[in-house]
Structure formats: structure tokens, C-alpha cells
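Throughout, a chain's letter reflects where its sequence line sits, starting with A, and its residues are numbered from 1. Computed from a prediction, not measured in an experiment: that's the story for all the values here. Values reported hereafter were calculated over all heavy atoms of this structure, with side chains retained and with hydrogens, waters and symmetry mates removed.
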Number of protein chains: 2
Amino acid sequence: MERKDIEEYFNVALATSLVIFGFDLDKLHILLKFNEEEPFKGAYILPSKYIKPDQSIDLNVKKLLISSIGSDDAYIEQLNASGKVFRNPLGRVLNIGHYGLVRFDPKETEKFKKQGLKWFAYDEIPDLAFDHNTIVDFAKERLKRRVKRRPVGFNLLPKEFTIAQLQSLYEEALNKSFDKRNFRKKIFNSKLLIDLEKSIETSSGKESKLYKFDEDKYAKMSSIGYDFLF
Amino acid sequence: MERKDIEEYFNVALATSLVIFGFDLDKLHILLKFNEEEPFKGAYILPSKYIKPDQSIDLNVKKLLISSIGSDDAYIEQLNASGKVFRNPLGRVLNIGHYGLVRFDPKETEKFKKQGLKWFAYDEIPDLAFDHNTIVDFAKERLKRRVKRRPVGFNLLPKEFTIAQLQSLYEEALNKSFDKRNFRKKIFNSKLLIDLEKSIETSSGKESKLYKFDEDKYAKMSSIGYDFLF
DNA sequence: GCAAAAGTGTTGGGGATACACCCATGG
DNA sequence: CCATGGGTGTATCCCCAACACTTTTGC
């Protein structure tokens, strides 16, 4: 490649953005950030971070996760790079979207607030800066597909959870409802859950049994893929 | 962002690479290019092209397709961006992989040869320059998943084809074999094929019926997705 | 006593799989 | 006459979908 080409081509910046999904045992949420900087100051955006030219995408994502939610304990998957030349006044920025699944901890809401981070209901995402709404839509579609084919609750639910909670997670993500009995059958057939032989009291005052995931089985099914066909 | 940051970050180049699959009615192949330039002169690579900072990814891919196979009539899908900082002596180049499905035309083999392009059998891909083997593997996995869920033959088979040809395409892509009768049942149940009411003579000397895809149905099933579950 | 949520079985149908033989042709 | 590949039907099984009532508890 010629000298002039180098100048012409090596003139792009990279950034990553995260669509972080959290589940509060009732609804799915997405974590958004209030943008304090130009361009698009005052708008909400996805948590994002420029990538240094000598840094890998994954490391950048890890750092971004830690600076956003305080840990990198999340299931992360890369999405497509946004193809359009988005009009960022600074120059071309290629954004590589990711989606992440994290455990929703209501206690952290206050801490998030100080950083300008806020959970928004899955179906009430405001207009975002840049092309971030497109990335969110893409992530939602991806999540739907993943939910159908792989066990997906591990990173969204607390360690111990009830079947009803698991079911409402699926119902939220796929935006439809399931018959309780059929749902239970399917889940139990998969042998994915371990009965913890204890209960918690639920909102109705009645007791409900707790389960956890069989982590080995879960890992196997996640990597191989599985035909849940919800 | 500060002036110095701009210099620091806007220092990356983008490129696209294509994993082009073709099916010669017997085996799947991938189109590779003999690399005439440094770095890695003399190695095979994926057809690749730098992206100008003001050009969209898709347009770049389209141009790359046309310059490689002489047309952009292909099914194309974006893959993940390669995450590692690959040691290209010129600087950081972020490669955005794509895979494409095209009709294999044996007549074009000669024409390809002049451009240094050559079809390699799906399971006999040599060592490639850069991280292109990783991209190939990723593309193969993606193809497998697509084949299971969506009709995929349209861009790989000739306009008119026999059931046996369709079956060997599936067998190749998924690397397993199917019962003839069950395969036919499944395909006919999908109502995806139109009987052309004519035949060709096959290698065994016997006649074989020709079919084409019902394009409307095909388009619908491609976008909605479908549980073929091969 | 009533609202709210937990828990539990059965049935019918459709699609997947397994499996074997006949036919036409070219050599 | 035999090797090659095209074409066809049946029986079984399993998974999915549909569907309703009882129980506990708090109010």
C-alpha cells in the first residue's frame, strides 16, 4: 500500500457500545447512559467507549463493563458493526455493538444514578443519540433468537429462582405467554434445573420452590445449542 | 474529545473480507485469492478490500464482490469483526468478515484463475494469511446454523435443480447424511419447491425431475425464519 | 369468602425417524 | 446381468399444544 493510501485509510476510530439487559424478576430492562458530552449532549446513549488502536475489542468491552456495572460478570456477545458512515463531526467512528446479560440488582440503582446510568424498560427505550436505537433493536432480535435456542437465564436471574420467575423471563424476552404446565414440563425435561428443596414466600403469601441451574449441563447446552423451540 | 485523543484514536483502518461459498452440485467450495502483495505475499487470503473512511461497509462489500466474481448477485451476511489487534505492519486494521453464497459456475474457473482466485474444497482450506482461517471457521459455523433454520439453497444452486442435488447440498453443509425419503417429505411439506414438470438425464443415465424455488415463499421463510431442524 | 399465585395430568395430533424395494438406464 | 441412482409408503414415537381444578395464604 502506498504512503498516501495509508493516510487515506488509517483515519477511522473504533468504539464499542453495550446493550446491557437486566431482569428485575418482572420486566426486562436495558441500561442507558445520560450523555454528558458533545456531540448529542443531553441525550441518552448506550454505554460506549473508544478503542485504542493497540487494544483488542474484548478487552475494551471488559473495561467498559467494569466501568459501567462494576464487574465483568456477564454473558457478552458481539453484534454486527454498524455499516453506515455515521455523521460524527470528529470523523468516522465504527461502532461495534455488543449485548450483555447481567443480574439485575435493585440495590445498585442508586450507584448507577451517580454515573448517569439508568435502567429503561425493554419496550420503553427513548430516542437515543447516534444510531444507538438501531443497535438496541438488533440486540433485541438477537436476544429473541438466543432465548429460543439456548438456555439464557443464568446471567439474568439470581442464583436461586422460582419457575414462575424463569417463565416470566421467557415471556418478557419473547413477548408472548406460555401455559404454566407445558412450560414446566419443557423445563424439567431439559434436566437443566436442580431442585434446591427449599421455598420462598411469594407476593401471594404462598410458598414457591426454588431452583438453580445445573451449571455443567447449562454450559454444555449453551455451547452446543439446543432446540428449545419456545 | 480532545485534539490529542483524536490523533490517538483516529488511526485505524477498516477492511472487509469475504468467505464466498459455492456449490458445484457435489461439494461446497470457498473462493480464495493468491496474495500478490506484502504482507504475506504468496499466501492465500480471503478476497479483501480496505474501506475508505467515507464509504459504507455494504458498498465496500458490493464492490469487492463485483471485482471478485463479476457480479453482486449473492446472499451476504456480516460476521463478527475480528477482535484481536492483528499485527499488520501498516497499523491496526479492523477486519469485518462476511460470508456469501453464490452460484458456482464452472465456466468461470478460467476467468477466476487470471485474477488469482481459486475454489478450494470446503474441508481442504489451506493455511491463510492474517487471521483469515478464523474468519473461515466462523463463516462455516454460521452457514451451518443458517442451513438448519432457513432455506439456503437459492443462491447456491442453479435455477433448476433436482432433489438429489438439494439433498447433497444440505449433506455437505451439515456434514451428515439424510434418508432420501424423509428428506423429500420434509422438503415437499415446506411447499418451497415448484415442480417444473421436466427432467434432465443424470449421470446414471436415468431421468430426474427438476424443481425451482417458489421465490415468494422462499423470501418469506428466509426473513421470518423457519424451523427446518435438519 | 375471595382474590392471587402455586402446583399438577391427560389427550390428540403432527412431524421426525427408521426402514426396503422396484424401476430405468448404460455398460 | 449388474451397477447406479431415482423414486416411493408405512409404522412408531416423541414432543407439542390445549385444556381445568385444587390448594394455600393474606386480606
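- Between B:S204 and A:E207, the one whose closest nucleotide on DNA chain C sits nearer the 5' end is A:E207.
- Checked against the 6.0 Å centroid threshold, B:F161 and B:F213 count as a close aromatic pair.
- Rounded to a whole Å, the NZ atom of B:K209 is 18 Å from the P atom of C:dC23.
- The phosphate of C:dC19 (OP1 or OP2) has no side-chain N or O of B:R181 nearer than 4.0 angstrom.
- Relative to the ring axis of B:Y44, B:K33 does not place its NZ or CZ within 45° and under 6.0 Å from the centre.
- When the P atom of C:dA6 is taken as reference, atom CG of A:D195 falls 15 Å away, rounded to whole Å.
- A cation-pi arrangement is absent between A:K27 and A:Y122 under the rule of less than 6.0 angstrom and at most 45 degrees off the ring axis.
- Among the heavy atoms of the strands, none lies under 4.0 Å from B:T162.
- The side chain of A:T202 lies closest to C:dA5, out of C:dG26, C:dA5, C:dC19.
- Spacing between atom CZ of A:F178 and atom C1' of D:dC15 amounts to 15 Å, rounded to whole angstrom units.
- No engagement by A:N189 is indicated, since no non-hydrogen atom pair under 4.0 Å with the nucleic acid exists.
- Judged by distance alone, with hydrogens and angles left aside, A:K206 brings a side-chain donor or acceptor within reach of the base of C:dA6, the pair sitting under 3.5 Å.
- B:F188 has its CZ atom 13 Å from the P atom of D:dG6, to the nearest Å.
- Straight-line distance from the CD1 atom of B:I187 to the P atom of C:dT17: 12 Å, rounded to whole Å.
- Judged by the 6.0 Å and 45° rule, A:K176 forms no cation-pi pair with A:F178.
- What separates NZ of B:K185 from P of C:dC19 is a distance of 13 Å, to the nearest Å.
- Atom CG in B:N182 sits about 11 Å away from atom C1' in D:dT10, given to the nearest Å.
- For A:R184, the listed nucleotide lying nearest its side chain is C:dT8; candidates were D:dG5, D:dT8, C:dT8.
- Close to C:dG7, at under 4.0 Å from its OP1 or OP2, lies a side-chain N or O of A:S208.
- Which of D:dA17, C:dA5, D:dA20 sits closest to the side chain of A:S203 comes down to C:dA5.
- Between A:G205 and A:K186, the residue anchored closer to the 5' end of DNA chain D is A:K186, taking for each the nucleotide with the nearest heavy atom.
- When rounded to the nearest whole Å, the span between CZ of A:F161 and C1' of C:dA6 equals 17 Å.
- The aromatic rings of B:Y218 and B:F154 sit tilted, their planes meeting at an angle between 30° and 60°.
- Taking the side chain of A:K180 as heavy atoms from C-beta on, and the options C:dA18, D:dG6, C:dA6, the nearest nucleotide is C:dA6.
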